[in-house]
Amino acid sequence: MAMAAIPLVMMAVSTAVSVYSSVRQGQAQSSALKAQQQQQRQREEQLRTRALQDEAARREELASNLSTIEAIRAGRGLSQGSPTALVIRDDLTNDAMDDMRVSRLNILNGAESARQSAEQSGKAASNALTTGYLGAGKSLLDFGASMAGGMSGGSSLSAFNKIPRSGTGER
């Protein structure tokens, strides 16, 4: 009888190792993906901050350029309210504002991409954990099926085949 128990013990140990391994693998993958998600969130924040800083720098440059033009015109004795001065100021302002919008949108598109990547990493982390637990459950079910098959003297499916099906009258 002791010799017959050895294979059973070895199967149980093998199943336990498989269960532990599946769970730990899922946890490790989940942890790595969560770390990746955190990095992507930080990247998103960095890009959003960069967009604000870029816009502030461009506004400062625009103000400096306008001041320079006004100083040059004043030094030459030209009016700041003349139609030419207004057209120059409007053109410079419009061009600078267009550049600001394009730059900001480009940077914010990168931030949105980082946000979406972070979201995908978070979902993948959850899936990895679930996959680990499902692998562990499969190992336990396989062990249970082997035990049920061994007790009935047949294959592991023989225990499944003996389960009565409701409504069919079959066994």
Side-chain angles (χ1 to χ4, degrees), residues 10-146 156-157 160:
M10 290 181 70
M11 270 181 64
V13 168
S14 174
T15 299
V17 168
S18 179
V19 166
Y20 177 78
S21 175
S22 291
V23 170
R24 291 300 293 161
Q25 183 179 6
Q27 290 172 336
Q29 286 176 339
S30 179
S31 293
L33 288 164
K34 284 180 182 177
Q36 183 177 347
Q37 179 185 29
Q38 185 60 32
Q39 289 173 342
Q40 290 161 336
R41 284 183 178 158
Q42 289 172 347
R43 176 72 176 146
E44 175 191 7
E45 284 303 313
Q46 289 169 347
L47 287 170
R48 291 190 187 286
T49 300
R50 183 171 144 216
L52 293 172
Q53 291 170 337
D54 182 71
E55 185 175 344
R58 287 175 183 267
R59 285 185 187 278
E60 189 175 305
E61 182 181 357
L62 172 61
S64 174
N65 289 342
L66 289 172
S67 294
T68 300
I69 289 170
E70 288 174 6
I72 290 170
R73 289 188 61 79
R76 293 183 180 166
L78 302 172
S79 167
Q80 299 300 330
S82 72
T84 302
L86 296 176
V87 167
I88 291 171
R89 186 179 65 220
D90 287 347
D91 284 349
L92 183 63
T93 301
N94 289 338
D95 288 346
M97 295 303 286
D98 286 345
D99 289 346
M100 266 187 268
R101 276 189 289 275
V102 168
S103 177
R104 181 174 172 81
L105 286 175
N106 285 338
I107 294 169
L108 290 178
N109 281 338
E112 178 60 17
S113 177
R115 186 197 65 75
Q116 289 175 356
S117 293
E119 189 175 312
Q120 288 175 348
S121 292
K123 289 177 182 177
S126 177
N127 289 343
L129 201 53
T130 300
T131 299
Y133 288 125
L134 288 175
K138 180 188 177 302
S139 295
L140 290 172
L141 287 174
D142 287 345
F143 177 74
S146 294
S156 61
L157 293 177
F160 177 75

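On a predicted model such as this, the values are computed, not experimentally measured, just so you know.
To the nearest 0.5 angstrom, R58 atom CZ is 11.5 Å from M97 atom CE. To the nearest 0.5 Å, atom CD1 of residue I69 and atom CG of residue L78 are 12.5 Å apart.
Contacts classified as side chain to side chain donor-acceptor pair (under 3.5 Å) and involving residues 22-33 (residues at least two apart or in different chains) are given here: R24-Q27. Sorted by first and then second residue, the side chain to side chain donor-acceptor pair (under 3.5 Å) pairs involving residues 63-85 (not counting sequence neighbours) are R73-S82. Applying the side chain to side chain donor-acceptor pair (under 3.5 Å) definition to pairs two or more places apart or across chains, those involving residues 101-114 are D54-S103, E55-R104, D98-R101, E112-R115, E112-Q116. Sorted by first and then second residue, the salt bridge (Lys or Arg N to Asp or Glu O under 4.0 Å) pairs with a member in residues 84-95 form an empty list; sequence neighbours excluded.
A118 approaches R41 most closely through the heavy-atom pair CB-CG, 3.8 Å. Heavy-atom minimum distance, S139 versus T15: O-CG2, 3.6 Å.
For the side-chain contact (heavy atoms from CB on, under 4.5 Å) test, residues two or more places apart in sequence or in another chain that qualify with Q36 are L33, Q40, S121.
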Please tabulate, for the side chains in residues 44-53, all donor-acceptor contacts under 3.5 angstrom to protein atoms that are two or more places apart in sequence or on a different chain.
{"unit_1": "E44", "atom_1": "OE2", "unit_2": "R48", "atom_2": "NE", "d": "3.2"}
{"unit_1": "E44", "atom_1": "OE2", "unit_2": "R48", "atom_2": "NH2", "d": "3.1"}
{"unit_1": "T49", "atom_1": "OG1", "unit_2": "E45", "atom_2": "O", "d": "3.0"}

